[in-house]
Amino acid sequence: MKHMTRKATRHISQNEGLIFEKSSPGKAAYKLPPLDVPEVDVAALLGKAERKDLGNMPEVSEIEIIRHFTRLSTWNYAIDLGMYPLGSCTMKYNPRVNEAVARVEGLANGHPYQPEKISQGALRIMQTLSDCLLEITGMDAITLQPAAGAQGELTGLLMVRAYHQSKGNPRKKVLIPDSAHGTNPATAATVGYAVENLKSNSRGMVEISALEAQMNEDVAALMLTNPNTLGVFEEEIHKIAALMHAKGGLLYMDGANMNALVGKVRPGDFGVDVMHLNLHKTFSTPHGGGGPGSGPVAVKQILEPFLPTPIVVKHSDDTLGFEYNRPQSVGRVRAFYGNFGMFVRALAYIFANGPDGLRQTTEDAVLNANYIRKGLEGVYDLPYSTPSMHEVVFSDKIQARKGVKTMDMAKRLIDYGFHPYTTAFPLIVSGALMIEPTESEPKEELDLFIEAMKSIAEEVEEDPEFVLGAPYHTRISRLDETMAARKPVLRWKSEPKS
Amino acid sequence: MKHMTRKATRHISQNEGLIFEKSSPGKAAYKLPPLDVPEVDVAALLGKAERKDLGNMPEVSEIEIIRHFTRLSTWNYAIDLGMYPLGSCTMKYNPRVNEAVARVEGLANGHPYQPEKISQGALRIMQTLSDCLLEITGMDAITLQPAAGAQGELTGLLMVRAYHQSKGNPRKKVLIPDSAHGTNPATAATVGYAVENLKSNSRGMVEISALEAQMNEDVAALMLTNPNTLGVFEEEIHKIAALMHAKGGLLYMDGANMNALVGKVRPGDFGVDVMHLNLHKTFSTPHGGGGPGSGPVAVKQILEPFLPTPIVVKHSDDTLGFEYNRPQSVGRVRAFYGNFGMFVRALAYIFANGPDGLRQTTEDAVLNANYIRKGLEGVYDLPYSTPSMHEVVFSDKIQARKGVKTMDMAKRLIDYGFHPYTTAFPLIVSGALMIEPTESEPKEELDLFIEAMKSIAEEVEEDPEFVLGAPYHTRISRLDETMAARKPVLRWKSEPKS
Amino acid sequence: MRYLPKSPADREAMLQTIGAGSINDLFAPIPAEYRLTRDLNIPRQMAESEIVDWFRQRSRENGEGYTSFLGAGAYLHYRPVVIDALISRGEFLTSYTPYQAEFAQGTLQAIFEFQSMICELTGMEVANASMYDGSTGAAEAVMMAARLTGHSSVLIARSLHPEYREVMATYATHQGLPMSTVPFTATGRIDLKGLEQSIGSDTACVLIQSPNFFGVIEDVDAIAEIAHKHGALLVVSIAEAVSLGIVEPPRSADIIAMEAQSFGVPLGFGGPYCGVIATREKFVRQMPGRLAGQTTDSNGKRGFVLTLATREQHIRREKATSNICTNQALVALMVNIFMTIYGKVGLKELAKQNLAKTEYAAQQFGKHAKVLFSGSPRFNEFVVETSEDPSAINGRLLGHKITGGLTLKKFFPEVGNAALWCCTEMTTRSAIDTAVGVVADSERSVRSMNDSSVEEQVR
Amino acid sequence: MRYLPKSPADREAMLQTIGAGSINDLFAPIPAEYRLTRDLNIPRQMAESEIVDWFRQRSRENGEGYTSFLGAGAYLHYRPVVIDALISRGEFLTSYTPYQAEFAQGTLQAIFEFQSMICELTGMEVANASMYDGSTGAAEAVMMAARLTGHSSVLIARSLHPEYREVMATYATHQGLPMSTVPFTATGRIDLKGLEQSIGSDTACVLIQSPNFFGVIEDVDAIAEIAHKHGALLVVSIAEAVSLGIVEPPRSADIIAMEAQSFGVPLGFGGPYCGVIATREKFVRQMPGRLAGQTTDSNGKRGFVLTLATREQHIRREKATSNICTNQALVALMVNIFMTIYGKVGLKELAKQNLAKTEYAAQQFGKHAKVLFSGSPRFNEFVVETSEDPSAINGRLLGHKITGGLTLKKFFPEVGNAALWCCTEMTTRSAIDTAVGVVADSERSVRSMNDSSVEEQVR
Ligand SMILES: Cc1ncc(COP(=O)(O)O)c(C=O)c1O
Ligand SMILES: Cc1ncc(COP(=O)(O)O)c(C=O)c1O
């Protein structure tokens, strides 16, 4: 190591092959109970539909499985190990009580089609969570069905379309700022809308005059992330909303960055018509290596008729139930009711925080981002000097002069024991370093991060080549992504028998 | 690294200070529910017994606690990570279902004094486990009370003493082979017996003639480990038992090595009068970084009256209960009924194996030890060529010529990604390498171990100095144990305020 | 505030460093008129013990302790404890999508193994890292087929899970993909003649489910032949993954969209589950969702990365193959561990037990009521037609702490008084016998009512 | 055989390498006549689901769902879920005693922190890594005192947990340590005069418990003064660790033997629990059990090792300070995490809630029955004397799914119809009110019976 870090050291780490490489006929990790009904003649029952062989499925014992996945796990970084400042991802602490309550028997084993009479617990959870989320967002109605943020967007835009359709014209376009996350345009396309780019102004915000120019009766909605992906709050949000509404358009808010707002301001209050939340960001459900998520969509009254079916309703006898008969609904976006297990976790998180805790959480998230900004200002280029909310976006402009890009420094940051920041976007910043610490970081960890980032900047000055070779301290060095894409090997294959 | 290993690599590992170093007033990881009874005036209730200050107890948040202990954990080696061939410790797989059933509500939350009527579940577990262990050992009666092997020894010897006492003379001595584990003599002393050493013969076994010579009416018992700590089965066990019994003595068996015998031979059948089992070895309850254990003691009928109180009995109405009224009992060895949580786990292990599984387990344990022996014979000195059962003991004789001792090679083995073997005993082997793989190791892992051990032997030949400096691949290098003992620092202290 | 790692002094010091007078300075960009100046009206901060109690109470109101005969896309199989023990490790639970491969090899290798096993089981050449669930997976597979063929209409079997059909409809509406439905015959299988008639040169794909919603195994090869003859692709949805242990996978399909919930994922009142799409290698660049691929590091060591990202929204934006971003990674890991535990032999044995239980149950029900489609091969579900409305029978079964089969009227009015029953390895013979007993009683009382009304008429 | 990682082919290959014809060759050293040639007569191999079901069934037979007022050395406190989440990590759960320090720094640092926190809480200078439990810890502390003083008799408070007393007796019997008992007075505290009379120059130590078995806090300083005056040590047993949050620790004690179960360890029908011994630095070399100490590595980095092993059996054999080897490490880790979660402020608040609940309960019981020793300060237990045999009252409480206080007759015949009740933060006011109601009913009916028998006598 060129520079020393107080954050991490190297230690011995177990190797582990693919599970298939451990397989051997006759090993087993399962045991079924004896059958209490007669055995059956499979061939007689299934005929040619009978499967004879399961190919190269592994045969291993339980201890090998424990070791396999335990060893694999030790190769991962995680929130539980330290700061995970991926911008836009809100990698906050995932409380353990969430996991405990999600596993309570009646919730973990509830069947989606069990009679309403014995589903009151689950319904009550959905109802309570909905109430809380509506209060938090300041919206009027909600669906919990979408499986993640992107599906929330889809659901929201479907409702936008259904709304316009109900007025006689679905319209043609959706406006999306150039700073937006990739799912926004991808979703608009899925819903059959043309995407029109909206250029950000020099402060990183929507340029009101541009919006004015682009907004017309062909535009169904503006998809806005607020705070946007620069971590900047759209100060003229009220004007934006007014402009959209004036031309009959709707304001969609991508709620990925709600962690900057909860308890401090409500999108429903500043003119948003429809928005999604990411329970796996703002509401602490675990990321799990990429999912599952949950993307509830909250709407204003005007959009309520279009919510996906079913919705939770209260019957006259005060019991809860599902209502399917909603003629204007956009329909289902997935089977059953959504990622219920995530509802349980998100609600547990809300309970654990209460109004005071949620507000403090937001304040700490914003405090942390500004502390990092202060610590790294000058060391890294700050393309937009507009105030930061919950995240701060630097660029690699200074370091790029030495040939070192954001991704190279990201790899080097790994050597310092930190997960890197987001490098992939916003596209309006060339070579972005998008840093979102969340509220879960103690000052100590932030100081270590700032120290590491400064040290890397120094390394870039002193020896850029060295930084380009990072990471050095991981069990494998930099992986060849180009080769992976050029000659994709997407599955294990048994060696051809010789 | 001089030689390469296929077993492990180096990877980044998080640093972490002491929890006290993270403490700051006002942070908290707890929250109590609101009090549903009136607040109290503590001073009025407790007077001068009131505590005002909790000293330097930490104040930290939940995420910091999760990270603290997660980070710490990653510095440990564990069975879940790989082979842990500590001789005499039987580091076998700790099945996860054991942990699951031990946490079932009524078992985890059962109070030891709850009425028998609502304790039938726990009693049935104790009864069933007792039945299984008696069948496995071939003994007549059992107590589950002792908390670990050493306390089992204590309980067993107390019963030996009570037995002799009941015959009018407690006797004076206990014979213990020089190969025995340290707890054997320590326990004998605790029970007030003088310890007399019994020298092993050149085959590593009890020398019958020596035993004959030393055995007399002063000897209360012989404490024998079988297979002994060399992993050698005392072939003349029947003669040993006969010799003891002829002079009115008893044969105590330290059952630490039962993993070599279960399902293949029963101590009760070969003349043992009293023995303890280690549920945390043979019966898979987890070691947990040093405990808890459980050391049931099984006895022949003649010793039954002396079992600690209470014992589990069946009432006339077929319900189970505790019997306290046992006038000849040695008394209690601990409060309540023993480490009940370990009973649950051990019984789950027995259920998961059944008679066929337990036998196969023993066979695999012995197979593994012999495979290692074969693989390392010639590379390391084998002080006793007697057949090995579940473990094999080499010595560092060959390597010591180059100045490299068993502990040095143990440290080097860490660099190869393995936990070392036992170095501390048996004392009859100078520089012992006591290797017990258990049945839980696949052939692949054994091959890696043999490869590593051979590689270390080569390193000793090529560059002994290098081996003396090991470990090199851990987050800290060799620790100064001498300094730790010379100037003990046994607790954290706050820096004196300046 | 137990999750927040800051003391008041820390906050003070940080504000000072930043140069802010108070925390509210940092919220200045929010127009004052919108700032919330009150507490949110949500429940007060609760202790952990209160939270646990609250959810335990909800659990008791949620069918705790009932034996269930419900399947229909959500199956109760035994979940080995190893699964939760492993997925609960913070390194899996609290990591993100493995964008930084060198720091996420655990997740990446696990995904690679998942993809490989899905391929082994489905007989396909490539599989992705997961989709939201079986229903959205099926919809994405159909959109993929439309892109691959350039055709623009879709045929859907009526025996597809009705909620999958609804989702398909939602997704297809704005894709310019007209959908039509192919009925099933009295065998419970797709109407091949009807299929021949409906299919056309503009058909992008035929979407079927096998075992289908009624538990009946379709003649996939025959369907594939028809589809392929017309230049359409065959998309097969598999909702009951355990069937793959004993039922030949639809190898003649072009895309398989699978719901893997059966493989170790809790019922969880309907989610999170684990969709996955598998297909032929040549179609991979039109596949939605993440893919892990093998590569080497700069020293030639094997490693894994996310790959072919140019299909995805974060690179391709409105031209991506799908808008999916977050998927079901941790659930896919459960599935992965489940497949590893049962493996080559266990999955077969498991499936066989499901078959045996179901056969026994169908036989027993068949003695008293009519088991529909019983001439066709089936896996672990079957349809029982009763004289009485099955909802009424189910109401009585609740008294035995049994949840009876799913009443089909809502989804399939044409089948009348019928319910879809499911047995798995978890269903005990005694539960089956109890349920059969209640159905038998129902039939008897309807018969005796009929007899007496006949008598009445006679009188 | 699901735990065994070998295929038949592996076994065959290994036997061949070894040069053995069959596995039984390796068992040849066992005399043939003893070899078992039959299956063990134990239950057949069970599936995991069967095992889980079996233990769930036992759980249902074991007081599941009862509210308990039992304490008496085993206390029900809330266990934050973080504890099990962390101790379940394989790196803690499946590692051995940290003999190889470089590969066990996690366990070692945790032990060091445990020792440190125990010192903070008890006011002692050193603490060990754990003992089996409170009872054996107390016995070991007494033997330690005997070694330290060279004296050979022991005085034990009768208000010590009676099972601790029994254990003490078992351990002391063969140590040549005659024990005698010091009674308690009507205040529930030790009889100081009696103590003065019994203590002598050969007394190694006085062993008391505080809060004692009746929940009463002893006047430790007064007892210490008497002990020290006679050259004896004072050993204080603490069975309810939570008391340390609000009760001044026995700083004048020489050795504290503590049961830390209250700190996050499940009741578990009596074990495993966590004993620990704390004492003054000067006594450390006579201390039993493992100790972790701070040191540095060859580069000067801080690290931790097991130290002062020359006290222990594996080095000193029959001259060791104790025969203890395996201790309660994982349970100590639970305790450690619990202490960390509650910390400096939380432990106090927790203890205060215990105090408040207990005070409320004692007040309520006091309205209907007699609360003994109520003039003395107490923590979370109190003794209620009733007119009726408490076992009968408890029988009735079971009908309310309540387990009443511990009937004292068995241990303390002298207190008559009395029971030891315990309240913790888990005890709800409504449970207290229900229990009080049942006791009140009992008192009323005894009174009316008495009244009627008086009437009868009068008649
Ligand atoms: C700003 C923004 N919008 C949308 C998404 C997509 O959300 P999801 O991954 O839950 O589908 C993300 C995810 O990273 C995001 O950062
Ligand atoms: C042979 C032998 N005897 C006795 C013991 C002591 O057992 P425990 O540690 O359970 O007290 C051990 C422990 O390692 C041992 O190996």
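We name chains A, B, ... by the order of the sequence lines, and we start the count at 1 in each one.
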Between [options], which shows the greatest number of heavy-atom pairs under 4.5 Å with chain C?
| options | value |
| --- | --- |
| A:Q120, A:K443, A:M483, A:R478 | A:R478 |
| A:Y84, A:Y371, A:F351, A:W492 | A:F351 |
| A:T187, A:I414, A:V262 | A:I414 |
| A:K117, A:K374, A:R332 | A:R332 |

Quick check on [X] against chain A: is it the side chain, the backbone, both or neither that has a heavy atom closer than 4.5 Å?
| X | result |
| --- | --- |
| C:I30 | both |
| C:I217 | side chain |
| C:T307 | side chain |
| C:A72 | both |
| C:R316 | neither |
| C:N299 | both |
| C:L86 | side chain |
| C:I87 | side chain |
| C:K357 | both |
| C:V305 | side chain |

Passing candidate, side-chain contact (heavy atoms from CB on, under 4.5 Å) with C:L330, options C:T94, C:T107, C:L93: C:L93
Checking heavy atoms, do the side chain of A:T474, its backbone, both or neither come under 4.5 Å from chain C? side chain
Side-chain donor-acceptor pair under 3.5 Å between A:Y93 and A:E439, yes or no? no
